[in-house]
Amino acid sequence: MSLFDQLRALLDAGAEDEDRVLPDPQLESFDLDGVAKFLKSDKCKNVIVMTGAGLSTAAGIPDFRTPGTGLYDNLQKYNLSRPEAIFSIDFFRENPEPFYALAKELYPGTFKPTVSHYFIRLLNEKGLLLRNYTQNIDTLERIAGIPGDKLLEAHGSFSTGHCIQCKEEYSQDWIKEKVFADEIPTCTVCQGYVKPDIVFFGEALPQKFHESVPVDFAKCDLLIVMGTSLVVHPFAGLVSRVTEECPRLLINREKAGEAEMFNPRGMQFDQPKNYRDVFHQADCDEGCLKLAEMMGWRNELEEMVSREQAKLVTPSASAASTSSPTEPAAKPEESTATLPAAAEGTAVAEKPSTEEATPIETKHLATDDGKTLASSAQKGNGTEGDVPLASVADSANGVASKPATAEAETETKPEAAPEKTEASPPAEAQPKL
């Protein structure tokens with residue numbers, strides 16, 4: 001289908017939306033109270049939660065773009081044509097050094113999950129979570145104890161890695177050992193570069209994403225969206241994949257994903273015909289605590305956060321892994337509902353803390369949560385002001401223009417090919433960063 005035909009199809013869809021008969025509202029009111037009442041009802045059994053970079057900023061994960069302090073400002077010594085090139089697969093093949101220099105600073109295991117991560121786990125323990133679709137690559141969902149079968153990491157994660165040439169698999173611990181030894185992880189089979197299984201520009205999203213979306217979103221009774229700007233496709237287009245009756249809640253500091261010419265099925269927050277969309281303006285953690293309070297779960301959530309975070313010990317950056325330096329480590333097992341241990345880069349104490357849980361002060365835990373939405377396309381600013389490592393595709397592709405179709409099935413590619421730098425081919429000995 002040509003670009004013209006795609007545009008015509010979108011315009012026709014918008015015209016059809018104007019004429020269609022709207023379903024009866026499922027919510028008593030278009031606010032958080034209305035969502036809470038629906039969540040308590042027998043009508044709501046399958047909740048999908050979509051999460052982005054804003055969910056992890058409260059964990060202390062730095063952003064990329066803040067002038068002077070953003071990580072991109074510290075990459076200039078590598079003479080990148082543009083900072084986003086660090087996440088281009090073509091650039092990585094030529095020169096993986098900048099990526100691994102950045103990865104050393106932000107490798108999983110340095111940060112703890114936020115209140116919002118544990119809220120999603122609580123939804124699962126209440127039997128309500130159908131799936132958590134996340135753009136984040138920081139593995140904080142796994143560390144928080146969200147089961148692997150309820151988690152879909154749309155942009156991959158650091159949990160495993162593969163050689164970019166022969167596809168030999170390596171564990172997170174094996175790769176981490178090399179990175180913290182200032183070595184570029186190199187395949188023991190073919191000497192190719194080993195890359196964590198995160199989605200770079202020029203790579204397809206995981207097959208599981210494309211297989212799961214049609215099935216999951218047809219079943220969804222309530223869609224909760226947190227911490228994503230909803231501008232990077234195909235992830236952003238998921239909000240239109242639920243049924244027409246399904247209520248949709250956005251928790252963030254500013255609105256995102258609103259309906260327009262190229263996205264007629266987007267959020268209808270302030271539109272006269274809105275019958276299902278709710279915007280709760282708050283940091284992600286604050287919004288989750290408020291919703292939990294309305295559900296009668298706040299004490300349970302606070303106790304879970306205090307108990308589980310007390311188990312976590314963030315390792316020092318210099319701590320060495322116990323994996324063999326010459327052989328790939330064992331392939332990781334599927335994540336379970338129990339809190340992941342050292343395999344996820346986080347040490348877990350043998351006994352949980354017996355200290356009394358203390359109430360959570362939102363102002364301390366959510367100072368930056370949701371900042372990724374601080375500048376949206378509707379303000380004329382194509383970049384996202386504060387973009388943490390939590391979401392590579394969201395950060396590197398924050399300048400993406402509106403796609404011709406809201407449900408494109410491949411990642412938006414950078415506008416220009418990154419400038420390649422000279423790189424020596426991998427030698428027998430491990431190269432130094």
Backbone of [Y] reached by a side-chain donor or acceptor of [X] within 3.5 Å:
X	Y	result
E300	W297	no
R248	V239	yes
K195	P96	no
K126	L129	no
D138	L140	yes
R121	A144	yes
R265	G237	no
N274	R276	yes
S171	W174	yes

- Message: Does F158 form a side-chain contact (heavy atoms from CB on, under 4.5 Å) with I137? I'd like the steps, not just the answer.
- Response: CA-CA 6 Å; F158 277 92; I137 63 171; 3.7 Å; yes
With a 4.5 Å limit on heavy-atom distance, are the side chains of [X] and [Y] in contact?
X	Y	result
L55	F119	no
L205	H210	yes
N124	I146	no
I120	M226	yes
S41	Q26	no
Y100	I175	yes
V194	K178	no
F111	I143	no

Over all atoms of both residues, closest heavy-atom pair of [X] and [Y]:
X	Y	result
I86	F200	O-CE2, 4.0 Å
P113	L312	CD-CD1, 3.6 Å
A59	K112	CB-O, 3.2 Å
A256	M267	O-CG, 3.8 Å
P206	A154	CD-O, 3.1 Å
V179	A103	CG1-C, 4.5 Å

Those residues that, when tested against [X], pass side chain to side chain contact (heavy atoms under 4.5 Å, CB included) (two or more places apart):
X	answer
Q281	F279
Q271	Q268
T243	E245, C246

- Taking it one step at a time, do K290 and E286 satisfy salt bridge (Lys or Arg N to Asp or Glu O under 4.0 Å)? CA-CA 6 Å; K290 184 66 174 178; E286 181 185 346; over 6 Å; no
Drop me the distance from [X]'s [atom1] to [Y]'s [atom2], to the nearest 0.5 angstrom.
X	Y	atom1	atom2	answer
L32	L39	CG	CG	10.0 Å
C288	M295	SG	CE	12.5 Å
L123	I224	CG	CD1	5.5 Å
L291	H280	CG	NE2	8.5 Å
F92	F87	CZ	CZ	11.0 Å
S212	Q207	OG	CD	9.5 Å

Donor-acceptor pairs under 3.5 Å, side chain of residues 42-51 to any protein atom, not counting sequence neighbours: which ones?
| from | atom 1 | to | atom 2 | distance (Å) |
| --- | --- | --- | --- | --- |
| T51 | OG1 | N132 | ND2 | 3.3 |
| T51 | OG1 | T134 | OG1 | 3.2 |

- Kindly indicate, with the supporting measurements, whether the criterion side-chain contact (heavy atoms from CB on, under 4.5 Å) is fulfilled by L238 and L230. CA-CA 9 Å; L238 296 182; L230 293 176; over 6 Å; no
- Query: F99 and Y193: aromatic ring centres closer than 6.0 Å?
  - Reply: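 No, the ring of F99 stays outside the 6.0 Å limit from the ring of Y193, centre to centre.
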- Pair H117-E308, side-chain contact (heavy atoms from CB on, under 4.5 Å): steps then yes or no: CA-CA 11 Å; H117 290 98; E308 297 299 339; over 6 Å; no
- Message: Can you tell me if K219 has over 12 outside heavy atoms packed within less than 6.0 Å of its NZ?
- Response: no
- Message: For H155 and N136: C-alpha separation, side-chain torsions, deciding distance, then whether side-chain contact (heavy atoms from CB on, under 4.5 Å) applies.
- Response: CA-CA 7 Å; H155 295 159; N136 300 342; over 6 Å; no
- Sorted by first residue and then second, give each salt bridge (charged side-chain N to carboxylate O under 4.0 Å, His left out) pair with at least one member in residues 22-31; sequence neighbours left out. E28-K37
- Query: Looking at residues at least two apart in the chain, or sitting in another chain, which of them share a salt bridge (Lys or Arg N to Asp or Glu O under 4.0 Å) with D221?
  - Reply: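 In terms of salt bridge (Lys or Arg N to Asp or Glu O under 4.0 Å), with neighbours along the sequence ignored, D221 is linked to no residue.
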- Task: For a salt bridge (Lys or Arg N to Asp or Glu O under 4.0 Å) with D216, tell me which candidate from R241, R131, K208 qualifies.
- Result: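 With D216 as partner, R241, R131, K208 yield a single salt bridge (Lys or Arg N to Asp or Glu O under 4.0 Å), made by R131.
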- Task: Applying side-chain hydrogen bond (donor to acceptor under 3.5 Å, both in side chains), run through T188 and Y170 and close with a yes or a no.
- Result: CA-CA 10 Å; T188 59; Y170 293 83; 3.2 Å; yes
